[in-house]
**Q** 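The structure under discussion is supplied below as structure tokens; questions concerning it will follow.
Quick note on labels: first sequence line is chain A, next is B, and so on, each numbered from 1.
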Amino acid sequence: MNKILRKRQLSENVNEYVVQAEDVAKHARPGQFIILRVDGEGERVPFTIADIDTKLGTITILVQTIGMTTYKLSLLNEGDYIHDFVGPLGNPTELSEYKNIVLVGGGIGSAVIYPQAKFRHQNGLQCDVIIGARNKSLLVYEDEFRQNADNLYIVTDDGSYCEKGFVTTKLETLIKDGKNYDCVFAVGPVMMMKAVCDLTKKYGIKTIVSMNSTMVDGTGMCGCCRLTVGGETKYACVDGPEFDGHQIDFMESVNRSKFYKEHECECYKRELEKNGKN
Amino acid sequence: MVKTERNKTITRPSEVRVKDFEEVSQGFTYELMKAEAERCINCKNAPCTSGCPVGVKIPEFIQCLKNDDLDGAVKIIKLDNNLPSICGRVCPQEKQCEDKCIRKLKLGGSVAIGSLERFVGDYALADSKPIPKPSKRLDYKVAVIGSGPSGLTCAADCANAGLDVTIFEAFHEAGGVLVYGIPEFRLPKDEIVKKEINKLTELGVKIKYNTVVGKTVKMQELLEEFDAVFIGTGAGLPSFMNIPGENLNGVYSANEFLTRVNLMKAFKKGSDTPVFVGKNVAVVGAGNVAMDAARTAKRLGADNVYIVYRRSKEEMPARIEEIEHAIEEGIQLKLLTNPTKILGETNVEGMECVKMELGEPDSSGRRRPVEIPNSEYVIPVDEVVMSIGTRPNPLLTREYADLQTTKRGTLIVNEDSQETSVQNIFAGGDAVTGAATVILAMGAGKNAAKTIIARANSKNV
């Protein structure tokens, strides 16, 4: 059982949780993830680590309410406990060999790039950041990025805040303006990551993405999170979650991510009804 | 000698049991147990014991049963086997002890040793007397990684000897393959596995759940805190065939399919964890895990379930009882058949297979299956479960490279002591042997415990 120390609503349906987890925080590094079960009957769901405090022994995760488990989580408050919380899983982000990088975050994906921005900032390494969301209310971590990015670019699909457009539009403009990035680290919805990779392939810029596949154990024993990278089957949990974006079969991953949609919708509906909502 | 027929255990009728997940075999009644025990002629050289991987003194415990001395039988079995209620259910007895029984061919069939062992094991589990505490406590700390059969056994023996034992378990529940792999209808979790684990904690064994050694805690940290480490991490990495279409929706590894159903309780209505069950399901492979997956699919409501196996029925590696039960439950065997391609756009729509014939014996001594040219045909299925074996998980050996492994990724150990290439790190079970049996894993755990206890005693002199 892990205690929720702080809960902060970042937007209409995105919450940030700071969870007491000394064991996880001790070895956690940017890019890794945890798996949690909300209650004793819950499914196992992975969440990327958004922040680590080794001194306080806490792990921060960002949760967008999109289904049953995330809805159940949204009902928990400070002082409540998460039934199971295991990690850090997967491999840390490894970007130290790149000098001139841009981090691209779409929606909640910004949570994944944030620890990398913080890490680079603290170590005196350059780092530009583009974050984008459908509209202003879905943007997260703006202040955090302001403090940690050399340049922060914000875009919204509907133009409700900052520049109107997609992260890819902004990225292309920056590349054309001669930014000379040697690496792009993009995290967000699969189709956004695919769009970024299609663009950077054209310009020959190394691009790393973080895959948020469905998982059960997260240690390599079920194969649920498998994806095709460079023609080979890889497991997001133990081989990733980060991969060379130019090698990934994104359409296969999109298809796999839809497998349980129907069940998820049913469960979500059931859970809402149970709580007197519809 | 009188030729009395082997007594059959009580088995729930297939048409009833296929609708639920309750245990199929109900074992022996007391009377049947007595009658079966009487069939043992207590032969002098006890060939059955030589057939047991851990050398359980079989005729001796059966003699106790003849005398209604169940406590005596428990004592004798537990000298060599900590988990008789589990082994009685899942050991391939027909290839081990029962294969060597003098009654096998001409005297009504082998004594049903497995079922007798199960009877004794269940009796021991039902006993609610407090477990005797170890007579002494030693200042010696043991870390056991994984709570499957080898880890549980090693932990129990060490704790009984007065050592301070902590089990590290990656999942939120203990039992390893006993809880995520073997289904409820073959090995009840609450009645059997949980009780065994409760007995361990009663003994003073601590269990740290949600702890992945190599990730949550590093091996080096364990070595600093503990005097000895036992690795019982099993063979959890599923193999796939590397044929086209394997990443389509509806293709599972048996591990994933069974973990969703068993550990995550997807078999219960309204479970949070989803599992897809097709109308027509192909399970590729013919071991116990394949039988488990096939029978699970049937119970979840599949109309047709096929076992697809490239060799013939004779070579099927599963326990005979499981194959028989599967057939009774309507599982269809597609033998001498090998998948070549899984068809579909987004979801599985069929599986292309090629017919095989048996050629010359291969290195395993079994006749090698050879493809029959131009014999491809399509089995109409909407779900495929790959059950063609597992390998050890490299997670730990990647993090702690001092551990020497074979090319297959199994840990190299000294056979007498179970010690790895690193002093005071021991290993046993599937992590050493590759996918094998519960009883072998248990034996290895026991063996390692012997060495660990000896070290503890010499340190505490």
Side-chain angles (χ1 to χ4, degrees), chain A residues 1-2 21 23-24 26-28 32 34-45 68-69 72 83-90 214 216-228 232-233 235 237-238 249 251-264 266-267 270-271, chain B residues 169-173 177 180-181 208-218 221 233-240 242 246-260 263-266 268 270-276 344-347 386 390-396 398-399:
Chain A
M1 300 281 263
N2 295 70
D23 288 353
V24 185
K26 192 170 179 191
H27 297 294
Q32 291 186 293
I34 58 98
I35 283 186
L36 61 77
R37 288 204 315 156
V38 180
D39 52 47
E41 298 295 311
E43 57 176 347
R44 295 170 64 94
V45 183
M68 175 194 49
T69 296
K72 279 187 183 176
H83 202 278
D84 297 286
F85 198 86
V86 54
L89 299 168
T214 326
V216 182
D217 63 293
T219 61
M221 62 159 274
C222 82
C224 174
C225 64
R226 61 194 192 275
L227 70 162
T228 303
E232 270 180 62
T233 295
Y235 290 1
C237 66
V238 288
D249 182 343
M251 293 323 286
E252 179 187 272
S253 291
V254 169
N255 183 47
R256 287 186 68 77
S257 74
K258 288 181 184 159
F259 191 32
Y260 297 111
K261 268 276 145 28
E262 215 172 292
H263 174 96
E264 280 163 10
E266 266 170 41
C267 286
R270 194 179 68 211
E271 203 56 39
Chain B
E169 169 54 47
F171 271 130
H172 52 266
E173 214 174 300
V177 72
Y180 75 72
K208 288 203 76 174
Y209 295 97
N210 294 321
T211 308
V212 183
V213 176
K215 293 284 185 187
T216 314
V217 55
K218 306 283 180 183
E221 291 173 295
T233 47
L237 212 70
S239 299
F240 285 90
N242 297 318
E246 260 182 326
N247 291 350
L248 284 168
N249 289 340
V251 183
Y252 282 113
S253 71
N255 259 5
E256 181 183 354
F257 183 66
L258 290 171
T259 300
R260 284 179 180 274
L263 179 77
M264 303 310 293
K265 315 280 183 229
K268 290 188 182 165
S271 160
D272 285 0
T273 299
V275 69
F276 172 75
E345 287 290 315
T346 57
N347 292 28
M386 287 293 173
T390 53
R391 290 164 290 138
N393 196 324
L395 199 142
L396 189 59
R398 270 186 206 169
E399 188 261 323

**Q** Check each atom of Arg37(A) against the heavy atoms of chain B and say whether the ones under 4.5 Å are side chain, backbone, both or neither.
**A** side chain

**Q** Given a strict heavy-atom distance threshold of 4.5 Å, which part of Tyr235(A) is in contact with chain B: side chain, backbone, both, or neither?
**A** side chain

**Q** In Å and rounded to the nearest 0.5 Å, what is the NZ to CZ distance from Lys215(B) to Arg398(B)?
**A** 8.5 Å

**Q** What option among Asn255(B), Thr216(B), Thr390(B) has the most heavy-atom pairs under 4.5 Å with chain A?
**A** Thr216(B)

**Q** In terms of heavy-atom proximity below 4.5 Å to chain B, should Gln32(A) be classed as side chain, backbone, both, or neither?
**A** side chain

**Q** Checking Arg391(B) against chain A: side chain, backbone, both or neither under 4.5 Å from a heavy atom?
**A** neither

**Q** Rounded to the nearest 0.5 Å, what separates atom CZ in Arg44(A) from atom CE in Met264(B)?
**A** 6.0 Å

**Q** Give, as side chain, backbone, both or neither, the part of Lys208(B) having an atom under 4.5 angstrom from any heavy atom of chain A.
**A** side chain

**Q** Gly223(A), Pro88(A), Ala28(A): which one forms the most heavy-atom pairs within less than 4.5 Å of chain B?
**A** Pro88(A)

**Q** Quick check on Cys267(A) against chain B: is it the side chain, the backbone, both or neither that has a heavy atom closer than 4.5 Å?
**A** side chain

**Q** For Tyr209(B), which atoms come within 4.5 Å of any heavy atom of chain A: side chain, backbone, both, or neither?
**A** neither

**Q** Side chain, backbone, both or neither: which part of Tyr180(B) has a heavy atom under 4.5 Å from chain A?
**A** side chain

**Q** Roughly how far apart are Arg256(A) CZ and Asp249(A) CG, rounded to 0.5 Å?
**A** 11.0 Å

**Q** Please classify the contact of Asn393(B) with chain A as side chain, backbone, both or neither, using a heavy-atom distance under 4.5 Å.
**A** side chain

**Q** Let's test your reading of the structure: which of Leu237(B), Asn249(B), Asn210(B) forms the most heavy-atom pairs below 4.5 Å with chain A?
**A** Asn249(B)

**Q** Please report the closest heavy-atom contact between Glu169(B) and Glu173(B), naming both atoms and the distance.
**A** CG-O, 3.4 Å

**Q** Name the region of Phe259(A), side chain, backbone, both or neither, that has any atom closer than 4.5 Å to a heavy atom of chain B.
**A** both

**Q** Find out whether Phe276(B) and His263(A) are in side-chain contact, i.e. whether some heavy atom of one side chain is under 4.5 Å from a heavy atom of the other.
**A** no

**Q** Within the structure provided, determine whether His172(B) and His83(A) are in side-chain contact (heavy-atom separation under 4.5 Å).
**A** no

**Q** Please determine, among Val238(A), Thr233(A), Thr219(A), Val24(A), the option with the most heavy-atom pairs under 4.5 Å with chain B.
**A** Thr219(A)

**Q** What part of Val275(B) gets within 4.5 angstrom of chain A, counting heavy atoms only: side chain, backbone, both, or neither?
**A** backbone

**Q** Supply the atom-to-atom distance Asp23(A) CG to Phe85(A) CZ, rounded to the nearest 0.5 angstrom.
**A** 11.5 Å

**Q** Is any side-chain heavy atom of Glu43(A) less than 4.5 Å from a side-chain heavy atom of Tyr260(A)?
**A** no

**Q** Determine the option with the most heavy-atom pairs under 4.5 angstrom with chain A, choosing from Glu246(B), Glu221(B), Lys268(B).
**A** Glu221(B)

**Q** What part of Lys265(B) is in contact with chain A, defined as an atom under 4.5 angstrom from a non-hydrogen atom: side chain, backbone, both or neither?
**A** neither

**Q** Taking the side chain as C-beta and beyond, is there a heavy-atom pair between Val254(A) and Lys258(A) under 4.5 Å?
**A** yes

**Q** Looking only at atom types and distance, does a side-chain atom of Ser253(B) sit under 3.5 Å from a main-chain N or O of Cys222(A), one as donor and one as acceptor?
**A** yes

**Q** Select one option (side chain, backbone, both, neither) describing which atoms of Leu227(A) are under 4.5 Å from chain B's heavy atoms.
**A** backbone

**Q** Check each atom of Ser271(B) against the heavy atoms of chain A and say whether the ones under 4.5 Å are side chain, backbone, both or neither.
**A** backbone

**Q** Select, from Glu264(A), Arg270(A), Glu41(A), the one with the greatest count of heavy-atom pairs under 4.5 Å involving chain B.
**A** Arg270(A)

**Q** Please determine if Asp272(B) and Lys72(A) form a salt bridge, counting it only when a charged side-chain N lies under 4.0 Å from a carboxylate O.
**A** yes

**Q** Say you draw a straight line from CG of Leu248(B) to CG of Asn347(B); how long is it, rounded to the nearest 0.5 Å?
**A** 7.5 Å

**Q** Taking C-beta and beyond as the side chain, do Glu262(A) and Pro274(B) meet within less than 4.5 Å on heavy atoms?
**A** no

**Q** Which atoms of Thr259(B) are under 4.5 Å from chain A, going by heavy atoms: the side chain, the backbone, both sets, or neither?
**A** side chain

**Q** When only pairs under 4.5 Å are counted, which of Asn247(B), Val212(B), Thr273(B), Thr346(B) shares the most heavy-atom pairs with chain A?
**A** Asn247(B)

